[in-house]
Protein chains: 2
Amino acid sequence: MLRMTLNPRSTLVQQVISQLSEQIQAGEWPVGAKIPTEPRLVELLGVGRNTVREAVRALTHAGVLECVQGSGTYVRSTDELTGVVARKFGAAEVGHTIEVRRALEVEAARLAALRRTPEDLDRLDAALTARDAAWATGDTDIFVEADADLHVAVVAAAHNPMLAELYASVGAAIRASVAAAVGPAMRAGTHIDHGRLVAAVRDGDADRAAHEAGRFLEPPTRE
Amino acid sequence: MLRMTLNPRSTLVQQVISQLSEQIQAGEWPVGAKIPTEPRLVELLGVGRNTVREAVRALTHAGVLECVQGSGTYVRSTDELTGVVARKFGAAEVGHTIEVRRALEVEAARLAALRRTPEDLDRLDAALTARDAAWATGDTDIFVEADADLHVAVVAAAHNPMLAELYASVGAAIRASVAAAVGPAMRAGTHIDHGRLVAAVRDGDADRAAHEAGRFLEPPTRE
DNA sequence: CAGCCTAGAATCATGGGACGATTTATGGTG
DNA sequence: CACCATAAATCGTCCCATGATTCTAGGCTG
């Protein structure tokens with residue numbers, strides 16, 4: 001049993017939570033995998049069963065784990081931000097979610113224009129090509145996914161992990177709640193040429209990149 | 001004891017978590033207040049102590065509650081997003097946090113210009129006046145707070161609760177981690193006239209409002 | 001032999017009790 | 001009044017027992 005000798009700073013449960021989080025973060029138990037059973041964790045961590053249960057329950061509420069009675073406990077996500085955002089904004093209006101996405105994407109495009117590396121440009125080109133190919137297939141699902149990939153690539157090129165994680169969480173929230181309703185809408189605005197955004201990023205023109213990014217999500221009109 | 005007859009959808013612990021969250025959200029136990037002791041909650045909710053403890057632990061990990069051994073359990077925040085953001089981005093670089101703030105503020109300014117009500121304008125004027133007054137005092141702490149109030153007012157005028165909550169969470173994260181370090185920096189950029197932002201919002205000029213909002217946080221230069 | 005169905009095992013959910021650790025309140029003593 | 005020791009209150013950890021649910025293996029039936 002690997003005792004937690006270091007960091008006597010906090011309670012045992014907190015230490016167990018940290019330990020489990022780190023092992024999940026490290027990929028020891030990938031998403032979808034089953035973590036050891038409660039009695040097994042008890043002997044692995046050298047703590048009582050209640051302690052294990054409280055830690056598991058905390059991570060379950062955070063969206064990281066999922067317990068299935070009679071089966072086991074599984075890893076649902078490596079990131080608890082997504083779960084919280086989904087729980088908090090799951091019932092949010094689609095329009096509000098779109099506006100938040102727009103806020104993040106515009107700033108991301110501006111930063112991407114300033115910081116993109118050659119690797120970023122390669123990835124952007126690949127995503128743009130894949131998006132065009134997906135468009136050609138006429139399959140809405142495939143296209144929506146390819147479109148999302150391109151936007152994710154833009155955000156990644158901004159080299160701001162905080163921005164990227166927030167964007168991913170918001171994206172997951174919108175997808176979880178109203179994927180079907182948004183699909184057609186996104187498709188309608190599809191004729192906008194994403195190539196101009198990529199070109200602006202390549203040129204390092206921050207203002208133009210931001211402007212192009214903002215065009216994808218229709219600026220709201222006065223109510 | 002108020003049995004939870006409705007919503008037999010999930011586990012007991014989840015129901016207790018929801019129950020506690022709702023009562024906290026409803027203001028029954030304000031922030032800083034002590035919630036009933038574990039034995040008291042047991043008889044109030046009609047569940048076992050382990051169930052209560054697991055629910056409390058989940059909310060503790062989420063940043064909503066805080067347990068102090070020997071004293072009691074207290075309400076730390078009504079919003080778990082802030083806690084998660086702080087835990088996840090507490091060690092983030094200040095520059096990255098600023099960029100996220102900028103993203104949210106610029107879009108908020110744009111939306112505020114389109115949606116502001118007369119009440120919003122009154123609040124903006126008041127915040128602007130208070131900010132100028134705070135500036136005149138020369139007290140950095142007071143000024144920083146007044147400055148933050150103005151920006152919060154702008155975000156509130158956007159009438160997008162999701163945007164507002166994200167902004168508040170990010171703001172709390174930056175304040176918790178490096179309040180001291182940011183204070184002087186904000187003060188340095190202070191000479192920028194916030195009155196022009198408020199004026200743009202009043203005029204309903206979205207592009208100008210967005211541009212003015214973006215000026216406060218220096219656009220990053222190429223690395 | 002294939003398919004279904006039941007009995008058992010495995011696993012999590014809940015409840016209860018006990019003791020230690022820490023904080024707070026209480027009361028005594030100088 | 002100030003200080004300190006004791007007691008009470010409260011959370012932290014652990015253990016055990018039982019119920020509910022899911023999975024699995026084996027047998028039964030056609």
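Chain naming here is simple, since letters A, B, ... match the order of the sequence lines and numbering starts at 1 in each.
For the pair A:L65 CG and C:dC12 P, the computed distance is 11 Å after rounding to whole Å. When rounded to the nearest whole Å, the span between CG of A:L59 and P of C:dC12 equals 14 Å. One atom, CD of A:Q14, and another, P of D:dT13, lie 9 Å apart when rounded to the nearest Å. The nearest whole Å value for the distance from the CD atom in A:E43 to the C1' atom in D:dC15 is 16 Å. Per the geometry, CG belonging to B:L41 stands 17 Å off C1' belonging to C:dG16, to the nearest Å.
Atom CD of A:E28 has more than 12 heavy atoms from other residues, nucleotides or ligands within 6.0 Å.
Proximity of a side-chain donor or acceptor of A:Q15 to a complementary backbone N or O of A:S10 within less than 3.5 Å is detected. A distance-only check finds a donor-acceptor pair linking the side chain of A:R116 to the backbone of A:V201 [under 3.5 Å].
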Got a list of side-chain donor-acceptor pairs under 3.5 Å for residues 44-52 of chain B, not counting sequence neighbours?
{"from": "B:R49", "atom 1": "NE", "to": "B:E38", "atom 2": "OE1", "distance (Å)": "2.8"}
{"from": "B:R49", "atom 1": "NH2", "to": "B:E38", "atom 2": "OE1", "distance (Å)": "2.6"}
{"from": "B:N50", "atom 1": "OD1", "to": "A:N50", "atom 2": "ND2", "distance (Å)": "3.0"}

_What does the B/S/- profile of nucleotides 5-12 of chain D look like, 5' to 3', with a 4.0 Å heavy-atom cutoff to protein?_
----BBBB
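Between B:H159 and A:H96, a ring centre-to-centre spacing not shorter than 6.0 Å is recorded.
Of all heavy-atom pairs spanning A:R115 and A:A158, the tightest one is NH1-O, 3.1 Å.
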